[in-house]
Amino acid sequence: MKNKLGLSMRGRHILEGYSFISLWIAGFLLFMAYPLGRSLYFSFNNMENSKNGLQATYVGMLNYRTAFSTDIDFLPLLKTTMTTMLTQVPLILIFAMFSALLLNGKIKGRTIFRGIFFLPVIIASGAVLKELLQQGAAQLPIFSQGDLEEKLSGLIPGNVLEQLLDYADSLTLVMWDSGVQILIFIAGLQTISPQLYEAAKMDGATKWESFWKITFPMITPMLFVNTLYSIVNMFTKADNKVMDYIVTQQVFQKNNFGYASALGWIYFCLIALVLAIVFVIFRRSLSATEGRG
Amino acid sequence: MTTMKMRSLSEISIKSNAVLKHTAAKRARNIIGMAFYYFVLLSLSFVFVYPLLYIISKSLMRPEDVADATIRWIPKMFSLGNYKVAAEYLNYWPSLLNSVIISFGSAALQIISCSLIGYGFARYRFPGQTFWLAMVVFTFLVPPQTFVVPLFSFFLDLNWVNTHLPFVVPAVMGHGLKGALFVLIFIQFYRQLPNVLEEAARIDGAGAFRTYWGIMLPLAKPAMLVVFLFSVVWHWNDTFEPNLYLLVPEYFNLSQSMAFFNGIADVSSMQAASSTGASSAIGQAPTLQNQIMAGVMLTILPILLLYLFTQRYFVESVERTGIAGE
């Protein structure tokens with residue numbers, strides 16, 4: 001074997017490994033680390049667009065303080081995004097798991113059904129979703145039609161009912177948002193050995209019990225992946241108001257680069273915090289399933 | 001709970017001799033169970049097909065059909081007039097070409113680069129690996145919008161704005177739209193493959209790259225298909241990055257043109273509303289709505305066709321890539 005550089009086997013192995021990922025590292029430095037660093041610098045400065053490019057004047061924490069005190073739009077938007085995230089992510093996860101269980105059975109036409117369940121990922125995203133929302137097509141007619149509201153108003157107090165109906169309205173969006181998650185859950189379910197279920201059945205476990213004792217623990221890792229994915233997706237998808245606000249308002253209309261960067265960093269810290277909480281919640285259950293076959 | 005019950009019913013029941021007399025009752029229960037199972041599946045499917053049906057139905061309606069209260073879904077006379085108007089507003093063929101270039105170009109580049117990078121992470125052990133892997137996850141988690149300002153000014157300095165370079169160069173380096181996710185998918189896939197293949201190739205004298213290119217890459221077809229389809233679809237629907245880097249209408253892709261068209265429609269409906277004094281409940285004149293839906297249909301039709309032909313392999317591939325692993 002030729003060994004041009006006179007490296008040991010181990011050295012060569014390391015070098016080869018690094019050459020495979022070197023492209024990514026270069027990209028990371030250029031398109032992640034550099035802009036991230038710059039935006040952190042921007043966020044502490046007031047950026048002026050002048051003849052000789054961007055002019056920075058150091059203002060300390062001013063941009064951050066403005067976001068929390070003077071800006072009347074930012075905090076409410078942030079709050080809305082957080083509540084949508086908190087209410088919809090659990091729904092998405094439950095629905096995705098339910099659908100995955102439905103689609104995992106050995107049934108006729110399951111390929112077609114799976115194809116259909118993934119359809120919204122193709123069509124109802126980005127600009128198209130915006131159009132559909134605008135036309136009110138993102139709500140199921142069942143909830144808006146008829147006089148459901150009147151009928152129920154006798155049974156449930158007004159303000160609770162209103163919230164319930166809002167929730168029902170968002171169900172369509174929840175379902176459309178869970179395509180990727182359904183796929184991930186199905187892939188996870190496929191990895192569970194049927195022998196486990198057989199053994200449980202022999203021991204007299206009901207289906208309900210074997211779901212909680214076998215299926216659920218076995219797909220906890222996918223649940224974790226899906227939770228992360230759903231949260232990130234919620235925070236960054238096309239109809240997210242905070243994103244719109246940061247980009248359109250601050251950058252293109254007001255040219256307020258420094259302030260926009262500060263808003264971006266606040267938003268990022270919030271996301272990081274949410275993700276950290278998710279990590280902590282899942283850490284115990286994940287370490288329990290580690291080392292399985 | 002019902003789910004599990006239904007699954008049990010869907011499985012062919014194992015006949016044990018002790019329960020022979022229950023078989024008839026069991027079969028009846030099976031049939032009811034199956035019926036219920038399909039009912040749930042079909043009604044859920046309806047929710048997923050609903051937007052598509054809505055788009056198709058609205059886009060084919062003529063103004064008279066809109067006004068006709070008896071028509072909800074199926075117009076009396078099909079008309080492609082909306083499509084003609086929409087195609088004109090969308091500047092259809094040039095926009096389509098732009099969309100194809102951006103989506104398929106970036107997807108192809110991302111397959112090549114992300115597969116290479118994923119292979120390096122999955123099959124090599126080197127110092128600093130954990131750190132770089134953490135950085136991949138980090139890249140996936142950071143929303144691109146948070147550092148978009150400096151990135152934009154960076155591309156501006158390089159004179160890359162209004163070219164395709166802001167899409168091409170990051171894609172070549174395994175970044176770009178959701179690039180980190182694609183790297184993770186490939187890592188997960190390559191990890192599952194057995195070591196023997198590589199060892200055999202190395203013993204036969206193949207170098208690192210040759211082993212990758214000749215032996216491992218051909219095995220990665222399922223992962224490549226998944227990444228390709230995801231990448232095409234996400235690039236196709238993305239307006240955020242094109243809106244930043246492609247600022248002149250000649251470069252607009254379909255989704256951008258669609259948003260633009262919608263903007264025009266909004267303005268004209270506002271004018272119409274203010275001139276007549278009436279305001280439509282949804283904010284757009286009914287015919288405009290239909291034209292927009294025709295535009296939407298035109299926008300999604302190409303990827304819908306692509307999905308139609310690949311979805312079979314796609315769903316199977318997702319299972320085999322082990323996207324879900326870990």
Side-chain angles (χ1 to χ4, degrees), chain A residues 14 16-18 20-21 23-24 26-28 31-32 35-36 38-39 42 98 101-102 105 107 111 113-117 119-120 122-128 131-132 135-137 172 175 183-184 187-188 190 207-208 211 221-222 225 232 235-236 243 246-247 251 257 260-261 264 267-268 275, chain B residues 1 3-5 7-8 10 40-41 44-45 47-49 51-52 54 113 116-117 119-121 124 126 132 135 139 141-143 145-151 153-154 170 173-175 208 233 237-239 255 258-259 262 282 289 292 296 299-300 303-304 307 311-312 315 318-319 323-324 326:
Chain A
I14 292 171
E16 281 173 7
Y18 261 105
F20 272 112
I21 67 160
L23 210 56
W24 193 86
F28 176 79
F31 304 118
M32 272 297 290
L36 265 183
R38 287 261 289 191
S39 96
F42 278 8
F98 177 75
L101 288 170
L102 273 184
I107 46 149
T111 333
F113 280 121
R114 285 182 195 182
I116 290 175
F117 275 58
L119 204 55
I122 312 279
I123 52 172
S125 58
V128 174
E131 314 301 335
L132 287 170
Q135 301 210 355
T172 337
M175 287 159 120
L183 278 186
I184 293 179
Q190 298 276 322
K207 282 285 167 182
W208 177 244
F211 172 77
M222 288 96 222
V225 172
V232 172
F235 275 126
T236 56
M243 296 276 97
I246 294 177
V247 176
V251 180
F257 286 175
S261 295
Y267 196 51
F268 172 62
L275 293 177
Chain B
M1 173 168 172
T3 336
M4 297 312 298
K5 216 179 239 167
R7 283 192 62 209
S8 82
S10 72
V40 174
L41 260 186
L44 285 179
S45 300
V47 180
F48 290 104
V49 184
L52 195 59
Y54 179 90
S113 61
L116 192 75
I117 295 154
Y119 178 76
F121 273 117
Y124 284 91
F126 43 86
W132 288 115
M135 285 303 114
T139 309
L141 296 179
V142 178
Q145 285 87 341
T146 49
F147 56 89
V148 71
V149 184
L151 198 59
S153 68
F154 179 47
M173 295 183 159
H175 288 257
V233 166
N237 289 328
D238 186 35
T239 48
S255 300
M258 192 54 234
N262 191 34
I282 309 161
Q289 260 190 45
I292 285 175
V296 166
T299 308
I300 59 175
I303 35 164
L304 209 57
Y307 179 62
Q311 78 73 17
R312 226 199 122 105
V315 178
V318 170
E319 278 163 19
I323 274 191
E326 236 171 347

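It should be emphasised that the depicted structure is a prediction, and the values quoted were computed from it without experimental measurement.
- Across all their heavy atoms, B/Pro150 and A/Pro35 have their closest contact at CG-O, 3.0 Å.
- Taking every heavy atom of both residues into account, B/Met173 and A/Gly27 meet most closely at SD-CA, 3.5 Å.
- Among A/Gly17, A/Ser261, A/Gly264, the residue making the largest number of heavy-atom pairs under 4.5 Å with chain B is A/Gly17.
- Note on B/Ile300, B/Thr299, B/Leu52: by heavy-atom pairs under 4.5 Å with chain A, the leading option is B/Ile300.
- Using a distance-only test at 3.5 Å, with no hydrogens or angles considered, no donor-acceptor pair links the side chain of B/His175 to the main chain of A/Phe31.
- Side-chain atoms of B/Tyr119 never come within 3.5 Å of backbone atoms of A/Ile21 as a donor-acceptor pair (strictly under, hydrogens ignored).
- By the 4.5 Å heavy-atom criterion applied to side chains, B/Phe126 and A/Glu16 are not counted as neighbours.
- Under the 4.5 Å side-chain criterion, counting only non-hydrogen atoms from C-beta, B/Val47 is not in contact with A/Phe117.
- The shortest side-chain heavy-atom distance between B/Phe121 and A/Phe20 does not fall under the 4.5 Å cut-off.
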- [ ] In sequence, state the C-alpha distance, the side-chain angles, and the governing distance for A/Trp24 and B/Trp132, and then conclude on side-chain contact (heavy atoms from CB on, under 4.5 Å).
- [x] CA-CA 9 Å; A/Trp24 193 86; B/Trp132 288 115; 4.1 Å; yes
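- Note that the CG atom of B/Leu141 and the CZ atom of A/Phe268 stand 8.0 Å from one another [nearest 0.5 Å].
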- [ ] Please step through side-chain contact (heavy atoms from CB on, under 4.5 Å) for the pair A/Ile116 and B/Leu44, ending with a clear verdict.
- [x] CA-CA 9 Å; A/Ile116 290 175; B/Leu44 285 179; over 6 Å; no
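- Only the side chain of A/Phe113 comes within contact range of chain B, judged by heavy atoms closer than 4.5 Å.
- Contact annotation: the side chain of B/Val40 approaches that of A/Phe98 to within less than 4.5 Å [non-hydrogen atoms, C-beta and beyond].
- For B/Leu116, the parts lying under 4.5 angstrom from a heavy atom of chain A are both the backbone and the side chain.
- When B/Ser113, B/Gly174, B/Ala208 are compared by the number of non-hydrogen pairs under 4.5 Å with chain A, B/Ala208 comes out ahead.
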